[in-house]
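None of the values given here were measured: they were computed from a predicted structure. In what follows, chains are A, B, ... by sequence order, proteins preceding strands, each numbered from 1.
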There are 2 protein chains.
Amino acid sequence: MAAGQSESHGRPEKRRAITRAARKVFGREGYTRASVDAIAAEAGVSKRTIYNHFADKERLFLDVALEGANEVTAAIAQIMDRHLHKIVDLEQDLIDFSLDRVAAVTAFPDHFALVRAIEAEAARIPGPVLKAWVDAGPQTAHLRLAPHLRRIADRGLLEIDDAERAAAHLTLLTITDVNQQSFYGAVPLPPSEISKIVAAGVQTFLRAYRS
Amino acid sequence: MAAGQSESHGRPEKRRAITRAARKVFGREGYTRASVDAIAAEAGVSKRTIYNHFADKERLFLDVALEGANEVTAAIAQIMDRHLHKIVDLEQDLIDFSLDRVAAVTAFPDHFALVRAIEAEAARIPGPVLKAWVDAGPQTAHLRLAPHLRRIADRGLLEIDDAERAAAHLTLLTITDVNQQSFYGAVPLPPSEISKIVAAGVQTFLRAYRS
DNA sequence: ACTAAAGTACACCGACTAGTGCAAAGAGTG
DNA sequence: CACTCTTTGCACTAGTCGGTGTACTTTAGT
């Protein structure tokens, strides 16, 4: 499953410094505006070293994107387990889960700024590569939420025929709504507004899927 | 209501050629990659003429963005009237409406490619300007859908307490879902898949809001 | 046909970019 | 120590970009 781990020919410590810096600069500037020199400066590394570790700017971007996707997907999986493993008050648990999931966006600002960059350049990213990223990131998060909902439904708390669809709808009604209005955190929303959106989203979800 | 109509000092015919070309090139390349020379070539116009009509690249982009937002908002308002004025079969009417709304995305590919560019550069767009765009585009579309739903609810076909929220939820469950998966049309979805998503979205919406 | 505004072609500037080549310094391993 | 791999700094290529200045031609109104 090693994502974009291309045969690295340099010191791994430097490689990590480069990817961290690249994530920051790519997130802040977008792919095109981000200059390799700026990434090198941010990483405290020679530009030549970057080209020692990565074939070109494009490969660097993709490796960083996949790395971040895996990282964030793992974090979200943890949030799912924390909130959805045992249900006491379904509505409140779904709200708490969604709020934590929204908070993950602000907890990984560099990554989600990069997500914006990817969505913007989607038309210029080779199809297979884009698919690899979707599979590692959003798609996996999706597929992991579905079994949780399925389990809750099996306990009689929800009425779900297609668990993946239900997962998609819950995500849309909460996280996607918040992200869309806040431009993935670029325009911050007051927490009270976030709470309202999430609560309303969960309410609608439950009205549609509660048994 | 004249959006970004800055005092134009040139022939309006040329101005329109420039904005049309700019919309195309900005949509295809994104803000940064799009070169003023490329826009001039696409418009069949001298680069100097562009700088006669627009102060700089940034103003050009914003004017184009606002112009397109108004145009598309008007088109969507028409779609709403066509499908939601008189309801015969609520579920089918909502599905048809949503499918037409999705089709608008592919009917204005340049504009929605530009929407992607805006969302990507949201962090670098001055707050007030971004707000002006949101108000002219997505926000207006939203506010126009709400009264339709309110009216349908008043006829006893829906049970809605907050019409704007309901409009947001219907939009999320249909258009947003499709757009997210297709990256606003950059990765085309088969029509059958679009139909499935929309039908499922409307179904969930009705389960939550049908009286 | 005269005039004034607008458009055009084109050279040009300064700044920036991705990527390379190379010689010298640094670091880890035997 | 010596050997090797990596990193570094820096100059360099070859190109692009936003934007301007200028001298010229076109267009529209009267």
Qualifying salt bridge (Lys or Arg N to Asp or Glu O under 4.0 Å) pairs, either residue in [range], two or more places apart:
| range | value |
| --- | --- |
| residues 182-196 of chain A | none |
| residues 132-141 of chain B | B:K131-B:D135 |
| residues 93-119 of chain B | B:R82-B:D100 |

If I take atom [atom1] in residue [X] and atom [atom2] in nucleotide [N], what distance separates them, rounded to the nearest angstrom?
| X | N | atom1 | atom2 | result |
| --- | --- | --- | --- | --- |
| A:D37 | D:dC12 | CG | P | 16 Å |
| B:L60 | D:dG19 | CG | C1' | 13 Å |
| B:R33 | D:dC17 | CZ | P | 10 Å |
| A:R11 | C:dG26 | CZ | P | 13 Å |
| A:E13 | D:dT6 | CD | P | 14 Å |

Protein-nucleic acid N or O pairs under 3.5 Å, nucleotides 13-16 of chain C:
none

Query raised in the report: Looking at D:dT8, C:dG26, D:dT27, which one has an atom nearest to any side-chain atom of A:K14?
Result: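 Looking only at heavy atoms from C-beta outward on A:K14, the closest nucleotide is D:dT8.
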**Report entry** Residue-level proximity of residues 38-52 of chain B to DNA chain D when a heavy atom falls under 4.0 Å
**Finding:**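 Correct list: B:K47, B:R48, B:Y51.
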Query raised in the report: Considering only heavy atoms, which members of residues 17-32 of chain B lie under 4.0 Å from some atom of DNA chain D?
Result: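 The answer is none.
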**Report entry** Side-chain donor-acceptor pair present, B:T32, A:Y31, cut-off under 3.5 Å
**Finding:**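 Judged by distance alone, the side chains do not pair up.
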By side-chain contact (heavy atoms from CB on, under 4.5 Å) - contacts of [X] (at least two apart):
| X | result |
| --- | --- |
| B:A132 | none |
| A:S46 | A:R48, A:T49 |
| B:Q78 | none |

**Report entry** salt bridge (charged side-chain N to carboxylate O under 4.0 Å, His left out) against A:K57, all qualifying residues, sequence neighbours excluded
**Finding:**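 Counting only residues at least two positions away or on another chain, A:K57 forms no salt bridge (charged side-chain N to carboxylate O under 4.0 Å, His left out).
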**Report entry** side chain to side chain contact (heavy atoms under 4.5 Å, CB included) assessment of A:F26 paired with A:L60
**Finding:** CA-CA 10 Å; A:F26 277 134; A:L60 172 59; 4.1 Å; yes
Query raised in the report: Does a nitrogen or oxygen in the side chain of B:H53 sit under 4.0 Å from OP1 or OP2 of C:dG7?
Result: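 For C:dG7, OP1/OP2 do have a side-chain N/O of B:H53 under 4.0 Å.
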**Report entry** ring-ring contact (aromatic ring centres under 6.0 Å, His included) between B:F205 and B:Y209, worked out
**Finding:** CA-CA 6 Å; B:F205 175 81; B:Y209 286 101; 4.9 Å; yes
Query raised in the report: Looking only at atom types and distance, does a side-chain atom of B:R33 sit under 3.5 Å from a main-chain N or O of B:V25, one as donor and one as acceptor?
Result: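 Looks like no, no N/O pair under 3.5 Å.
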Query raised in the report: Which residue, A:R15, A:R23, A:R16, forms the salt bridge (charged side-chain N to carboxylate O under 4.0 Å, His left out) with A:D63?
Result: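 Result for salt bridge (charged side-chain N to carboxylate O under 4.0 Å, His left out) with A:D63: A:R15.
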Requested in this report: For the helix from C:dA1-D:dT30 to C:dG30-D:dC1, measure the angle between the helix axis at one end and the axis at the other, each built from five pairs, rounding to 10°.
Outcome: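 The two end axes of the helix from C:dA1-D:dT30 to C:dG30-D:dC1 meet at 20°.
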Query - Inter- and intrachain pairs under side chain to side chain donor-acceptor pair (under 3.5 Å), touching residues 142-153 of chain B, at least two apart - result: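 Non-adjacent pairs meeting side chain to side chain donor-acceptor pair (under 3.5 Å): B:D81-B:H148.
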